[in-house]
Amino acid sequence: MSTTAVPVTLFESLEDHMEPLGEELDRIRAEIVAARGAEDARYIRTVIAVQRGLETGGRAALAVSLFPPAWLVGTAMLTIAKILENMELGHNILHGQWDWMGDPAIHSTTWEWDFLTPADAWKHTHNHLHHTYTNVVGLDRDLGYTILRMSPDQPWHPVHLLQPLYTALLAPVFEWGIAVYDLEADALPSGRKSVRAFLGDLAGLARKAVRQAAKDYVLFPLLAGPSALPCLAGNVTANGLRNIWAHTVIFCGHFPGDVQTFSYEEEQLDGETRSQWYLRQIQGSANIEGGSLLHILTGNLSHQIEHHVFPDLPSNRYAELAPRVREICARHEITYASGPLWRQYASMWGRVLRHAVPDGSRKP
Amino acid sequence: MSPLVSPLAPDDYLGLIDPLLSARHPAGRVVTVRPECAGAATLEIRPGRGWAGHRAGQYLPVGVEIDGVRHWRTYSITSPPEAPGRALTITVKEEPGGRVSPHLVHRIRPGAVLRLGPAQGEFTLPEDPLPPRMLMVTAGSGITPVAGMLRALAGRRFPGPAPDVVLLHCAPGPDEFLFRAELAGLAARLPWLSVHARYTRTAGRLVPEHMGVLCPDWYDRETWACGPDGLLDALERHWAAAGAGERLRVERFRPAPVLSPGVGTTGGRVRFEHSGVEVEASAAVPLLETGEAAGVAMPYGCRRGICFGCLVPLVHGRVRDLRTGELHGEPGELIQTCVNAAAGPLALAL
């Protein structure tokens, strides 16, 4: 693992990149689109059924959680349910990965998730901004989530000395962080977002957050009667663990040391070819290696590279796509950042620490 | 219950136990599949909790899943308005080369679950009192909505005199006459019903000029006609020429024609909130097409108002349903963009 400064790719270096990369990946995409069928539909329905079953079971166990084994089982089931709901279901359905089924019950336009940020707000910042401008300094707000410095191209401020601390503190309350981040308050001074739109989004967030928080922190504990406090503790734990896990998966998918960042101007991106876009997606993401249980629990975002190359293909297909994308990268001598969870996690933290201090390598 | 399952609805859990328990996404289960004549089958469907019933002559949007993808088609309901808990039937004629009808005729098995849309259509019997004399002119699978009406009439007890009903049905030959034995049985049993078959393979096609012989008092009977467009067009001309146009109701098996903009419908400016696109929308063009023409990635499905695959939440403004002319739209309402057009300025959350 490299410990030197993170490479920053300039636009020029992409210009002579081979067109076949785009064509090859487009062909793979078309193949999967044509192959989608009953098996895929069965997969997503099974995940939905398992998730709702786990949630129901977990809630039932937490209702009698004065009995400690019930607390453990209930909290574990609810945690897994929330992880599946957030990643394999919410994230992927909101990407439109299952829209092809034509089922209004599993559709990006109608799905709402058990996460504080409303689906619409998240689709805008994530699907649109992050997936379009992946890892372009200044354009992709996910690059550091406006508070972290993850690239030498981001200006250093003394507050970044604290970023290891607030990165750690962010993890257990990640959904609150995302909710606030999706409001795009940082876009107000420039006028990119109007005050009116901001207030509208704030009201939308408040409505959603009140409903979700009331459910976990008031209604279910009240229903648990004598088990109210352990039930509340179980719900807080399940949300906290879900948040830590989501934070881990997302940070390991974008910030290990060998993931590149890009210093393009927005106008340069206008002329970006299909191949260049694919290349940027590959170089801007990292995979986590592991078994199929790990993949399901990450919502298949362990295949972050494949997800960034084909964000709207059904998640259950990423595992079969990965070796093919990897082979193409090897042939074209493109770095394919992949490693086990512990290594990606350590590398991500290395980056958080490294960019907390000024490095003097920033270009004027 | 609802706050406890937020952001879902209790229905989302019930529907997992049995799709028929869902009211949000009404469904029905196929009970039997009965072959009718060659290439046609009757499906008996037990509707679930979300089913709101129908009137005789209406059609049913049916969502069929084939290879993981839901396809929507409409079929006339051939059973009379059901007693509570009773199954309803549709009779499907296979369209050669089609995707859905061969599946329903040959491959679907009892136990299969179909999504059901609300029953639709104005090609129905009038509310009481019924007209004293009625005429049904049908051809091919055009018999299906009329069969539903005749079965409903046959099951009724009339306190006064029963209406006099004539059915004139065209089919290539007796083997292609759907429900032939049953209808002949009804005609034999019910003095007020007479059934005339015209077999076009031997007798040639029906032209309206034959009406004077086939049913001499045709022009003062309330008439229902369903069949191919050519026949219906000719009937409409014939009835209009005789000054009886208002006594003829026709049903065409194709998407409802789009309304032309009437007085006071001017369209408006449409804003696609998340895409940052704003365009002028005509009052006669579906929002789906307006959005697509402006480069917005619009969700879409059947493009004819039956699958609900194109739903987009309305932020503000009003829309007009192009099928009915009805104005509607509340903030947050999911709009079927394929059959709704702008009625004034509006914004969609897309």
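Letters go in sequence order (proteins before strands), and every chain restarts at 1.
Applying the 6.0 Å contact sphere to CD of B:Glu95 captures no more than 12 heavy atoms from other residues, nucleotides or ligands. The number of heavy atoms from other shown groups lying within 6.0 Å of CZ (B:Arg269) is above 12. When the shell of 6.0 Å around CZ of A:Arg196 is examined, it contains 12 or fewer heavy atoms from other residues, nucleotides or ligands.
Considering every non-hydrogen atom in both A:Trp100 and B:Gly68, the closest pair reads CZ3-O, 3.8 Å. Of all the heavy atoms in B:Arg70 and A:Asp103, the pair that sits closest is NH2-OD2, 3.2 Å. Listed here is the closest heavy atom pair of B:Pro7 and A:Lys208: CB-CE, 4.4 Å. The minimum heavy-atom distance between B:Arg115 and A:Pro104, with the atom names listed, is NH1-CD, 4.1 Å. Of all non-hydrogen atoms in B:Ser6 and A:Arg211, the two that sit nearest each other are OG-NE, 3.5 Å.
Looking at B:Glu273, there are no atoms closer than 4.5 Å to chain A (heavy atoms on both sides), in backbone or side chain. The parts of B:Leu4 that come within reach of chain A are both its backbone and its side chain, each placing non-hydrogen atoms under 4.5 angstrom from that chain. Only the side chain of A:Arg45 comes within less than 4.5 Å of a heavy atom in chain B; its backbone stays farther off. No part of A:Ser108 comes within reach of chain B, as not one of its non-hydrogen atoms sits under 4.5 angstrom from that chain. Of the two parts of A:Ile44, neither the backbone nor the side chain holds a non-hydrogen atom closer than 4.5 Å to a non-hydrogen atom of chain B.
Most heavy-atom pairs under 4.5 Å with chain B: of the set A:Arg59, A:Gln212, A:His124, A:Arg36, this distinction falls to A:Gln212. Most heavy-atom pairs under 4.5 Å with chain B, from the set A:Arg52, A:Glu55, A:Glu112: that is A:Arg52. Between chain B and the options A:Gly96, A:Ala41, A:Ala105, the largest number of non-hydrogen pairs under 4.5 Å is found for A:Ala105. Between chain B and the residues A:Asp120, A:Asp99, A:Asp114, the largest count of heavy-atom pairs under 4.5 Å involves A:Asp120.
From A:Trp113, atom CH2 reaches atom CG of B:Leu8 across 13.5 Å, with rounding to the nearest 0.5 Å. Of the inter-residue distances, the one linking A:Thr109 atom OG1 with B:Ile335 atom CD1 reads 12.0 Å to the nearest 0.5 angstrom.
Looking at A:His107 and B:Leu311, their side chains never come closer than 4.5 Å, going by heavy atoms from C-beta outward.
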